[in-house]
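Report on the following structure.
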Amino acid sequence: MRLPKTYEAEQYEKDIYKLWERSGAFYANPKSGKEPFVISMPPPNETGTLSIGHALFLTLQDIMIRHARLKGKDALWLPGTDHAALAVNALIEKQLSDEGTDKHQIGRDEFLKRTKEFVGNSRNTMLEQMRAIGASADWSRTRYTLDDSLNRCVNETFIKMYEDGLIYRGYRIVNWDPNLQTTVSDDELVYQEEKSKFYTLKYGPFEIGTARPETKFGDKYVIMHPDDERYAQYKHGDTIDVEWINGPITATVIKDEAVDPKFGTGVMTITPAHSHVDFEIAQRHGLDKEQIIDFHGKLLPIAGEFEGINIAEARPKIVEKLNKKGLLVSIDEEYVHNIALNDRGKGVIEPQIKLQWFVDVNKKIVDWKGKKHSLKEVMQSVIREGDIEIVPKRFEKTYFHWIDSLRDWCISRQIWWGHRIPVWYRIDTDNREETYVGIAPPTDQSEGFHEWQQDPDTLDTWFSSALWTWSTLVDPKLAVDGSLSLEAILKDSRDFQKYHPTDVMETGWDILFFWVARMILATTYVTGEVPFKKVYLHGMIRAEDGKKMSKSRPESIVDPLSVIPKYGADSLRLALIMGVSPGNDQNWGTAKAEANRNFCNKLWNIARYIEASTSELAVGSQPEPKTAADHWVIAKLNEAGESINEAISNFNFSGAYYRMYHLIWDDVADWYIEASKTELNSTVLDHVLETILKLAHPFAPFITETIWQTLHAEDDTLLITAQWPKPVKFDAKKAKQFEQVQKIVREIRQIKTALVKQHGNALFKNSQIVADNEPLIKSLAKLESLVKTEDGRGLKLTQTTEPVWFEVDDEEAKKYLKSLQERSKELKESIKNLEVRLGNPGYAKKAPSNLVNESEAQLRDKRSELKTLTAYIASQKSD
RNA sequence: GGGUUCUUAGCUCAGUUGGCUAGAGCACUUGUUUUACACACAAGGGGUCACAGGUUCGAGUCCUGUAGAACCCACCA
C-alpha cells in the first residue's frame with residue numbers, strides 16, 4: 001500500500017506547493033481566450049507576520065480562485081503588500097527611540113533605508129506565510145504599494161486631481177498627533193471614555209463650562225442659541241468687556257444654532273484653533289482663529305506666564321489662578337467625556353489648524369455615465385445603481401451613512417515613509433512662494449530664485465491603496481516611461497484591459513470606509529470603471545472566549561502559522577470556513593481544527609481504501625454503474641457538485657463546506673464504501689474518488705492534490721488545473737432502491753442496538769428490492785442470514801414498505817414492544833399534524849401543489865406504518 | 001444622540017426569496033478491536049428557536065414592542 005495509515009500534513013504540503021508553483025498553474029494568461037475571474041488581494045501591511053484574520057481572507061479568496069480555475073476560467077489572484085505608511089513609521093520611530101535616537105538625528109535618507117530593510121524582511125516572511133496557507137496567487141504579478149509603477153500611478157492621480165481642482169491646499173482644522181508629529185484622518189481616530197473634571201467659569205455676565213481650561217486664553221467670542229430667551233437681551237455682534245485669565249478682554253456675542261440651550265448654561269466660548277465644532281462656527285461667522293497650543297502640545301505666548309508649559313501640567317495651575325481671581329464657579333468631578341486617540345500609537349489627538357492638502361469630495365467635476373458628479377455622488381451612485389453589490393447588503397446602509405457625513409479628505413502626512421507629495425515650492429524674488437505640481441520640478445532656473453524644494457510631506461497610505469485594483473494591473477515597463485500619459489499607459493496595458501474591473505473584492509467590514517469606499521472614489525475618477533463588481537465582507541475572528549484578539553492579551557492571539565504544523569494547512573482552512581457567514585464575526589476554537597484534521601484523515605482513508613481496491617485510477621473515464629448503490633452514489637455526487645458550485649458562486653462558503661463534508665463522510669464513506677465491500681465496482685469507485693477530490697479541492701487543496709499525485713504517479717496531471725465534475729447519467733429508479741435498502745438496514749440496526757444483540761437473522765417475502773440486494777443488506781446490517789420465506793415471523797419492519805422481518809424470540813419481542821409503542825405515539829402525533837394541515841382549506845388552496853402532494857404522500861406512508869405497527873403490538877399483547 | 005447586528009442543543013455556530021418531524025461540530029450515553037480510518041463505526045439522549053403580540057393556510061425565517069449582549073458613526077462646550 002502506498003498511502004500510509006494516517007495523513008501527516010507536514011510531510012506533503014511544501015512539496016505540493018512547489019509542484020503547483022513549478023507547473024505554472026497560478027499564472028493567469030491574458031492570451032488564453034478563457035473568461036477571466038479576478039480578485040485583487042487586499043495587500044497586508046508589512047508590519048511583520050500574518051494574523052489569523054489574514055488566514056481567513058486568504059482562505060476565502062483561494063476558495064473562489066481555485067473554484068473558478070476548476071470551472072475553466074482564467075483565474076487571476078493578484079497578490080501584494082502595503083507599505084502601511086503610518087503603522088510602519090510609528091514602528092520604526094519606536095525602535096529608534098528605544099535606541100536612544102530619533103529620525104531627525106539620523107536624517108531622512110538613513111530613516112528610509114532602515115525602513116526599507118524592515119519592510120523587505122516583513123514582506124518576504126508574509127509572502128512565505130501566504131504560501132504556507134496554500135494561497136494560489138499569481139506571484140509573477142506580485143505588487144507593492146511603493147513599486148515604481150504604482151508610485152507613478154499615485155503621482156499621476158494626484159496631478160490629475162490637482163489640475164481638475166479636486167485637490168487643494170488650505171488651512172483647515174485637522175487631527176494632529178503631537179506624539180507622532182503628523183495629521184491623521186477622521187477614520188483613524190478611536191475614542192476612549194475618560195472621567196475628568198468639568199469646570200464652570202465666570203465669563204463676564206455669563207457662566208461657561210469647560211473640561212479644558214488650558215485652551216481658554218484666547219476665547220473672545222461668547223456663543224448662544226439665537227432662540228434662547230434667557231439671553232435675548234444680548235444681540236449678535238454686541239461687545240462686552242470681561243475680566244479673563246490674563247486680564248481684561250473684549251468679548252463679542254455670536255448667535256449660532258450649534259449651541260444646545262439645554263446643555264449647561266446654554267452659553268459657551270469657542271477655541272476655533274483646537275476644536276472641530278468651534279472651527280466650523282468660526283468659519284460661519286468669519287471669526288479669528290488663534291492658535292493657543294503649539295504642535296508639541298505646549299502653550300504659546302498668548303498664555304502669558306504659562307507660555308511653554310505642557311498642557312497637562314498647565315491645567316491645575318490655570319485653575320488655581322482662575323480660583324484666585326474669583327472666576328471659578330464650581331467643579332464637577334464626575335464628568336465623563338470621550339477623548340480622541342490616534343489608532344496607531346494611541347497618542348492623544350489635538351485638533352490644530354494646519355496648511356494641508358485635501359481632496360474635495362463635493363466639487364462636481366467627475367465624468368460618470370455622461371454627467372458631471374462630485375466624488376461623493378459617484379460613490380453613492382455606483383452602489384445605488386447596482387454597478388457594485390455589497391454582500392451582505394446591510395452594509396450598503398452603513399456605507400451611505402458614512403458618505404453623507406464625509407468631509408474633505410486630508411491626504412498629507414508629516415511622516416517620511418510613503419509616497420512623497422509631487423509638489424514643489426520656491427521663493428521668488430519678491431519673497432513670495434511659488435508652487436509647482438508635477439513629478440519633477442521645472443528645469444528653468446531664473447536669476448535670483450531659490451531652488452525648487454519638494455513638499456516634505458507624504459500621502460495618506462489609503463491614497464495609494466485606493467488605486468490598488470488598477471495600479472497593480474498597469475504594465476510596469478510602460479508605467480516608468482515618462483513620455484506616456486496615464487491614459488496611454490492604461491490603454492496599452494494588456495492586463496488592465498483584460499482583468500479590470502476585478503470580479504470580487506473580498507475584505508473585512510472594518511476597512512469598508514478606509515479602503516473600499518476610497519477605491520471606488522479614486523478608480524471611478526481615474527479609469528471611468530468601477531474597481532470591482534462585488535464586495536464580500538467577512539467578519540472578524542475573535543478569541544475562543546468571544547473577545548477581540550488583542551496585543552494587550554497576548555494569550556488571546558492565535559497565530560495561524562502555529563496551527564499548521566500540528567493540524568495542517570487544510571484543517572486550518574476548513575476550520576475557518578466552517579460556520580463562516582458574511583459580515584458576522586466568529587470565534588476561533590481549537591476544536592474546529594481538530595474536527596477538520598479528522599475530516600482530512602477520513603478523506604485520506606477513503607483514498608487508501610479505493611487505492612487498495614482498484615487496480616489503476618483512470619482519469620476522466622466513464623463510470624459504469626451496475627448496483628443500486630452505484631446509481632445512488634452517482635446521484636449524490638451529481639447533486640453535490642451542482643449545489644457546491646452554486647453555493648461558492650453565491651458566497652455561501654459554509655453552506656458549500658457542509659455539503660462537501662457530508663457528501664464525503666456520510667454518503668461516500670459510511671454508505672457507498674461500505675456497500676462496495678459487498679460488490680465492488682472499480683469504475684464507480686474511481687469516479688467517486690476523482691469527484692470528491694475535485695469538490696473538496698478549493699477548501700482543502702493540499703490533501704486533495706497529495707492524494708491525486710499519489711494515485712497519478714505515472715502521468716503528470718494536476719488536480720489544481722483539472723475540470724470541475726460534470727453530471728453523470730444514472731438510473732433514478734435504481735438509486736431509489738438503495739434508499740429502501742438504507743431504511744431496512746437502519747431499522748435492523750436500531751432493533752439490534754435496542755435489544756443489545758450482536759447477531760441476528762432476517763426474513764423477507766415477495767420483495768424484489770431485497771432479493772436484488774440480499775448480500776448487501778446482510779453485510780450492512782451485519783446479519784447471519786437473510787432468507788426468503790412464505791410467512792414472516794419475529795418483528796416486522798415498519799419504516800419500509802418492503803415485507804421484512806427481524807427474527808426475535810418472544811422475550812425479546814416484549815422488550816422491544818416499548819420502543820414500538822413510543823414510535824407509534826410519535827406516528828400518531830405527526831399523522832394528526834398532517835391531517836390538520838391537509839384538512840385546512842387554506843392550505844390546499846394556497847400552498848404549492850407539490851408541497852400538498854408531498855404531505856399527502858407522507859400521510860399515506862405514516863398511516864400504513866402505523867397500521868402495521870398497531871397490528872403487531874396488538875398481536876403481541878394478546879399472547 | 002443616530003445606526004447595525006446578535007440572542008437556536010451543555011459549548012461554538014449554520015439555517016439565503018416563509019413550507020418535510022429545526023441541523024452540524026465538539027461534549028454526553030450505550031454498544032463495537034468490522035481486514036480504509038479509534039483522528040473510527042453503529043445506535044441514542046438533549047432545543048417552547050430570548051420574551052410578548054401581529055401578518056399568514058403555515059413563522060426560527062416577515063412586522064411591532066420588550067429585555068439582554070456586541071459593534072459602528074457622531075460627539076456637548
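Chain identifiers are assigned alphabetically (A, B, ...) following the order of the sequence lines, protein sequences preceding nucleic acid strands; residue numbering begins at 1 within each chain.
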Test: R518(A) cationic atom under 6.0 Å from W409(A) six-membered ring centre, within 45° of axis: yes
Integer angstrom distance from the P of C20(B) to that of A27(B): 30 Å
A59(B) to A52(B) separation - C1' atoms, rounded to the nearest Å: 15 Å
Presence of donor-acceptor pair under 3.5 Å, side chain of R597(A) and base of C39(B): yes
Basic-acidic side-chain contact under 4.0 Å: E280(A), R407(A): yes
Cationic N near anionic O, under 4.0 Å, K197(A) to D332(A): no
Base-pair map of RNA chain B as dot-bracket, where | denotes pairing with a different strand and pairs are Watson-Crick or G-U under 3.5 Å: (((((((..((((.....[...)))).(((((.......))))).....(((((..]....))))))))))))....
Distance-only donor-acceptor test (3.5 Å): side chain K602(A), base C37(B): yes
G60(B) and U8(B), which share atom name C1', separated by this distance in whole Å: 7 Å
Touch class at under 4.0 angstrom, heavy-atom based, for K397(A) against every strand present: sugar-phosphate
Separation of the P atoms in U64(B) and G18(B), to the nearest angstrom: 16 Å
RNA chain B: 5'-proximal contact among A258(A) and D187(A) (nearest heavy atom): D187(A)
Side-chain donor/acceptor contact of D260(A) with base of C76(B) under 3.5 Å: no
Pairwise P distance for G2(B) and G45(B), with rounding to whole Å: 49 Å
Stepwise ring-ring contact (aromatic ring centres under 6.0 Å, His included) test for Y657(A) and F653(A): CA-CA 6 Å; Y657(A) 163 86; F653(A) 299 104; over 10 Å; no
Centroid-centroid under 6.0 Å between Y399(A) and W509(A) rings: no
Shortest side-chain distance from N338(A), nucleotide among A74(B), A38(B), C72(B): A74(B)
Proximal nucleotide (of U5(B), A14(B), A70(B)) relative to the S581(A) side chain: A14(B)
Phosphate contact (U32(B) OP1 or OP2) by K752(A) side-chain N/O below 4.0 Å: no
Distance between C1' atoms of A22(B) and A40(B) (Å, rounded): 28 Å
Sugar-phosphate, base or nothing in reach of A669(A), heavy atoms under 4.0 Å: base
Phosphate OP1/OP2 of C6(B): any N584(A) side-chain N/O under 4.0 Å: no
Contact pattern, 5' to 3', of nucleotides 17-31 of chain B - B, S or - by protein heavy atom under 4.0 Å: --BBB--SS-----S
Within 45° cone of F806(A) ring axis and under 6.0 Å: K752(A) NZ or CZ: no
R749(A) side-chain N/O to A43(B) phosphate OP1/OP2 under 4.0 Å: yes
Any Q750(A) side-chain N or O less than 4.0 Å from OP1/OP2 of G44(B): yes
C1' spacing across the pair U7(B) / A14(B), given as an integer number of angstrom: 15 Å
E865(A)/R823(A) salt bridge by N-O under 4.0 Å criterion: yes
Test: R659(A) and E639(A) ion pair at under 4.0 Å: yes
Lys/Arg N to Asp/Glu carboxylate O, R837(A) vs E856(A), below 4.0 Å: no
F599(A) ring center near Y661(A) ring center (under 6.0 Å): yes
E8(A) side chain, from C-beta outward: closest of C71(B), C76(B), C39(B): C39(B)
Sugar-phosphate, base or nothing in reach of S855(A), heavy atoms under 4.0 Å: nothing
Closest-nucleotide ordering on RNA chain B, the 5'-leading residue of T6(A) and I270(A): T6(A)
Quiz item: E747(A) side-chain donor-acceptor pair to A43(B) base, under 3.5 Å: no
Options C41(B), C76(B), A36(B), nucleotide nearest the side-chain atoms of D670(A): C41(B)
Pair E334(A) + K195(A), salt bridge at N-O below 4.0 Å: yes
C1' spacing across the pair G1(B) / U48(B), given as an integer number of angstrom: 37 Å
